[in-house]
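The basis for the numbers below is simple: all heavy atoms, side chains too, and nothing from hydrogens, waters or symmetry mates. Note on naming: letters A, B, ... go to the chains in the order of the sequence lines (proteins, then strands), and numbering restarts at 1 for each one.
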Number of protein chains: 2
Amino acid sequence: MSPQPTSRGPVPHGHVTLSQVAQRAGVSAQSVSNALNNPDRLAPATLERILATVAELGYEPNLSARALRNRSSHLIAFKVRPSRPDKASLLMDEFLYALNRSAVAAGYHLILCHAEGDGSAEEIKAYRNLLKKTPVDAFVLAETHRNDDRVAALRSWGVPFATFGRSWDGDDSLAWVDVDGRAGTRAATEHVAAQGHHRIGHIGWPAESEIGEERRAGWRAACGERGLETDLEAAVPDTLEDGRQAAHRMLDAPRPATALVCASDTLALGVLRALHERGLRPGAEVAVTGFDDSPTAALVSPGLTTLRQPIDVVGRQLIQAVENLIAGDPREPQHVLLQPELIVRGSSLPGPRTPTP
Amino acid sequence: MSPQPTSRGPVPHGHVTLSQVAQRAGVSAQSVSNALNNPDRLAPATLERILATVAELGYEPNLSARALRNRSSHLIAFKVRPSRPDKASLLMDEFLYALNRSAVAAGYHLILCHAEGDGSAEEIKAYRNLLKKTPVDAFVLAETHRNDDRVAALRSWGVPFATFGRSWDGDDSLAWVDVDGRAGTRAATEHVAAQGHHRIGHIGWPAESEIGEERRAGWRAACGERGLETDLEAAVPDTLEDGRQAAHRMLDAPRPATALVCASDTLALGVLRALHERGLRPGAEVAVTGFDDSPTAALVSPGLTTLRQPIDVVGRQLIQAVENLIAGDPREPQHVLLQPELIVRGSSLPGPRTPTP
DNA sequence: GAGCCGGACTTTAACGTTAATACCTGATCG
DNA sequence: CGATCAGGTATTAACGTTAAAGTCCGGCTC
């Protein structure tokens, strides 16, 4: 903390600027800038002296000035969505935390966008406005769909961006990170088949949902491989009540289901309710699996077998992807497909549990 | 879209700047700036012409330049926390959305902070670093506690901030917004008392938690007013298992509880599990209430009676509070105490439900 | 009619940074 | 031995905005 013999400038108070560091180190402001951005342009001795002064004064470059000069704010924009209270999953909450952690680790900050509609013209306008006001370095989109207008807009503006959710229109030039719903549902199906189930139904979402179709395909593939029928199939909205009704239908079938693989925890919880209404024991009599590992899945009795998305990896990879794009990396945009993890709980095990005394 | 007769400057492409607007409107850049920031300094005719040009060109002020010049970034910082997967509540997710909506409506943007620890020295360092890099206008803190170092730090730096959570050390100079946990728990207690329950227990958190103590006080007050005993009391960590065990203890008491008012949905879900293990019907035989209206509360069977925090109002009021501070409003800092809403579901009603056939 | 006032607008300078350019010094070359 | 070069550092100018100071001019006072 004692003043170094080689630096004679004053120790400034409050905000520390480049020229204050320069003055104290006895060099020009540009040299300090070079020390931080182009260290190879300086003589080693000078570099060392400058860096020591930077550390001594605790200098941090002013982002506004940098942004103004470089047209780069070190900001990554992300739009937060309202959390639907009827949805069990904390996925977006965990995702945001993971994304932010990786962004900060990479020297960026997350700035949040807002738009009432979803995927709407209003959302695109919000992005446009943000870009007018501040040179956001990149965008991260979640829950993309086929023919996503936001993708088209961002691309037309030439802004780097990556999406959580693959390109559904076979667009290879998009950078994306996704979780393999097909493999996940297949793993769940194989798991219940391994417990001896032969009548395995699937409760999923309507065909408009690309994610839903992927998950359904995993169930169909696993059944196909084992020669199991795939006649027990429902495509319903993602609510507990719809899951409950679909379960009742499949349990009323001539050859009823003994296992139900669901596209979401919400639907699976509906199935658990249906079983409860019929006095059937989950796991022991009818196996049930969900998707997303919501908090509820761990809290219900018996626990709900489900698939956990490796959400911290998703965040890390997305930041990696936009970093590459920002750096103008000439390689192909990244496509990362991650595997979900099957979390086995009581709802799919014959276990010793006796829920209905 | 056709060029106006009074303005003869060129229509620029790409980024629109003050001086481009100025050129087209035939005035100086400063006049355009004044049109937006000090309209009364201009002659009405000039003002109108400038504003028309601003609209025509879709000009938006550059935030980096503004920040550099004004030392104000129109950014509000908030630190996101990891969502604990064993906690049922979506509170923070909803809060962030609400806060961001209000921030954007007020012309601000939310920028996210990250720190591994919690309330730690590292968190304070993260705030300090952010402030060095960019002139964040204000901070919003969540989940404050007694002798919160973050409060002391932000105050010592002279940065405006408001907290979600009241000042626990009786510090009137703090701007805060909070939800009245005492009134909420009191309402829940009165509700079960109105169903005819006389042995009402409370499962809450250890006394270190100021929030927990508030909620406990509400239960105690409601019981006191009705001459009910308050001997059935537990102070445990906020986990399902702790709730379950506490419930068993209170049901094993010489004069057992017939109603259990809990400090959280997580604890209440533990109680529901305990009831299930004993073959007791929630609502009909033992009333249960939680706190926070987690998604799980609506999804379990029977539904869990709980208290919903008016989280959108919390967000709005917090932004309001920091706006006042930023504007240097001379009035006392705001203290806003909001009332939670009792959401009555099957777990506290004798209703016709027959959960255990 | 000289002096003054004040409204309407413009010019200047500055916020902190960095690309581009200019400068200086000593070494190498023809 | 003067010219050329290159490494190291300094100067200039610009990013877009706005506070402060300056200019201009018509109207008013005495």
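- Checking B:N34 against A:L63, the closest nucleotide of DNA chain C that is more toward the 5' end is the one next to B:N34.
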Look for any protein N or O under 3.5 Å of an N or O in nucleotides 23-26 of chain C and output each such pair with its distance, or none.
none

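- When the ring-ring contact (aromatic ring centres under 6.0 Å, His included) test is applied to B:Y97, the partners found at least two apart in sequence or on another chain are A:H114.
- Between B:V322 and B:F161, the shortest heavy-atom contact is CG1-C, 4.1 Å.
- Taking atom CG of B:L42 as the reference point, atom C1' of C:dG7 lies 11 Å away to the nearest angstrom.
- If you check the side chains of A:N37 and A:R66, you find a donor sitting under 3.5 Å from an acceptor.
- Judged as a side-chain contact (heavy atoms from CB on, under 4.5 Å), and not counting sequence neighbours, the contacts of A:A77 are A:I111, A:C113, A:L130, A:V136, A:F139.
- A sub-4.0 Å separation between OP1 or OP2 of C:dT17 and a side-chain N or O of A:S19 is absent.
- Judged purely by atom type and a 3.5 angstrom limit, B:D169 uses its side chain to pair as donor or acceptor with the backbone of B:N147.
- Listed by chain and residue number, A:Y108, A:L110, A:I319 satisfy the side-chain contact (heavy atoms from CB on, under 4.5 Å) test with A:A103 (two or more places apart in sequence, or in another chain).
- Not a single donor-acceptor pair under 3.5 Å links the side chain of A:N70 to the backbone N or O of A:S72.
- Taking the six-membered ring for Trp and the full ring otherwise, the centers of A:F78 and A:F164 sit at least 6.0 Å from each other.
- Computed from C1' positions of five pairs at each end, the angle between the two local axes of the helix from C:dG1-D:dC30 to C:dG30-D:dC1 equals 70°, rounded to 10 degrees.
- In this structure, CG of A:N38 is placed 14 Å from C1' of D:dT9, rounded to the nearest angstrom.
- Atom CZ in A:R41 sits about 16 Å away from atom P in D:dA6, given to the nearest Å.
- Going from atom CD of A:E48 over to atom P of D:dG8 covers 15 Å, rounded to whole Å.
- Under a 3.5 Å cut-off, the side chain of A:H74 and the backbone N or O of A:H109 do not form any donor-acceptor pair.
- Rounding to whole angstrom units, CG of residue B:L36 and P of D:dA19 are separated by 12 Å.
- Residue B:N37 is in sugar-phosphate contact alone, with no base atom involved, counting any heavy-atom pair closer than 4.0 Å across all strands shown.
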| said: Working note: A:R166 + A:D171, criterion salt bridge (charged side-chain N to carboxylate O under 4.0 Å, His left out); need CA distance, chi angles, decisive distance, verdict. | reply: CA-CA 9 Å; A:R166 72 196 74 176; A:D171 178 353; over 6 Å; no
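- Contact between A:S73 and A:L63 at its shortest, heavy atoms only, is O-CD1, 4.5 Å.
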| note | Readout for nucleotides 11-16 of chain D: B = base within 4.0 Å of protein heavy atom, S = sugar-phosphate only, - = neither; 5' to 3' it is B-BBBB
